[in-house]
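Throughout, numbering of the chain's residues begins at 1 and tracks the sequence. All ligand and atom numbering here is 1-based and tracks the order in the structure.
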Amino acid sequence: MLEQKENRVEKISLANWTQVIKPPALRSIHSIISRPGILSFALGQPASDLFPVEKLSKAAAKLLAINSSGLQYELPSQRLKSQIVELMALRGVACEKEQIFLTAGAQQAMALLARLLLNNSGQVLTEEVTYEGLYMVISPYLPNIWTVSTDLESGMNIEAIEQLLQTGARPAFIYSITDGHNPLGISMRSDKRVRLVEIARQYRIPIIEDDAYGFVYYESASEPPLRALDEEWVLYVGSFSKILAPGLRVGWIVAPEELISKLSFIKQAIDIDVSTLSQQIISTFLDEGFLPDHLVKLREGYKLRRDAMLEALDKYFPKEARWRRPTNGIFIWIELPDRVDTNELFRIAVERENVAFIPGHVFSINESDYPTHCMRLNFSNCPAEQIEEGIIRLARVLDSFPAGR
Ligand SMILES: Cc1ncc(COP(=O)(O)O)c(C=O)c1O
């Protein structure tokens, strides 16, 4: 029976690009780490215990008691767009309601922008180590991917971008995570922000700026994003996933007004519109003025977890390991001694110590060797009191590596 099914599947001929993609690593790791008892620093999930459940459910109940419009097809909420304009002002970005386009999260925003900008076999320029969602977005176009290195203090190598452009690279866009980089945990230095935008203008290359973590900061407010420096060449991507709840699936693009109708065409073809109910719930939450307090709580909670992880790393990890203190976002990137292959380390850590992380190679968009001795640790979705235990377990695996195979 199973054999018959497999034969049937073989007869369906799939689009060419499906033959060359690598399987999404995070999804397969997800199934491994869902095992009971596992202590996970793997996924980039927000803290479930910090979701403002009561306030969101009150907002939903209130809305549904008034009328059923949240269950109907509706035009995108103008009220929510105005509220996003106010939110962007807190990031130092001046924009108009007409420049806001609502999406199902940052991931869809990236997919829509890629659809808008990238031709089949076109070019994309990004960092060697970056968010793996970009790979998924661009793979169907079978693109030529240019990469530059990232300095772990100051961010993307801007000189290398310029060199690539000088020698003829013409990417459809540059993808940049300016603050709280996933997976590297860094934020771009301000002089690099200015230079990157100058280059984009000079060579007329749009930048997709992924700001999923711009509001998630721990010391002082983040520097203004690239979009604050240019409104023509920077296409800004924001999201409520990391500041409210990813299950609502609402994000946004800030783009020049003339691009909005084209984005709307693409989005309607895919899923018509963002969930009306989610838009209304978020808008009511913002109207009630709940966001500022929630963000204070979130930042305090995450800072506690970040500091617990940094302290435990200092105490238990080998002296040759290197990491930095992230000012934004939810990740710590660790460079281990070269001899440590973190794929192998992951297997042993899960099997022997019931502890998980993401091996660095997952984030290598062009399969470079650099991150094979690196790991990404997430600190947002693990209670502070369990963090030390998790790091002790990881340090034990490292101590015996590779002898403990
Ligand atoms: C850098 C980055 N961009 C985009 C996303 C996708 O976020 P969303 O839930 O808003 O689609 C994530 C999620 O982890 C992310 O880390």
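Applying ring-ring contact (aromatic ring centres under 6.0 Å, His included) to F357 and the options F41, F346, W333 leaves one that passes, F346.
Counting only distance, with no hydrogens or angles, the side chain of Q280 and the backbone of L277 share no donor-acceptor pair below 3.5 Å.
Of the protein's heavy atoms, S241 OG, 2.6 Å lies nearest to atom 9 (O) of ligand 1. Nearest protein heavy-atom neighbour of atom 2 (C) of ligand 1: D210 OD2, 3.4 Å. The nearest protein atom to atom 6 (C) of ligand 1, hydrogens excluded, is given as Y131 OH, 3.4 Å; this is a heavy-atom distance. A106 CB, 3.8 Å is the protein heavy atom nearest to atom 7 (O) of ligand 1. K242 NZ, 2.8 Å is the protein heavy atom nearest to atom 14 (O) of ligand 1. For atom 16 (O) of ligand 1, the nearest protein heavy atom (residue, atom name, distance) is Y213 OH, 2.6 Å.
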### Query
Stepwise, does the ring pair (Phe, Tyr, Trp, His ring centres under 6.0 Å) test hold for Y141 with W17?
CA-CA 7 Å; Y141 304 90; W17 68 268; 8.9 Å; no
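For ligand 1, the atoms sitting less than 4.0 Å from at least one non-hydrogen atom of G105 are 10 (O), 11 (O), numbered in the order shown with element in parentheses. The atoms of ligand 1 that sit less than 4.0 Å from any heavy atom of N182 are 1 (C), 15 (C), 16 (O).
Checked by distance only, ligand 1 and Q107 come closer than 3.5 Å through their nitrogen or oxygen atoms.
Between H373 and T342, the closest side-chain pair of non-hydrogen atoms is not below 4.5 Å. No side-chain heavy atom of L112 sits under 4.5 Å from any side-chain heavy atom of L116. In this structure, L134 and T126 have side chains that are in contact, with non-hydrogen atoms separated by less than 4.5 Å.
By the 4.0 Å heavy-atom criterion, R249 is counted among the residues contacting ligand 1.
Cation-pi contact between K22 and Y135: present, with separation from the ring centre below 6.0 Å and deviation from the ring axis of at most 45°.
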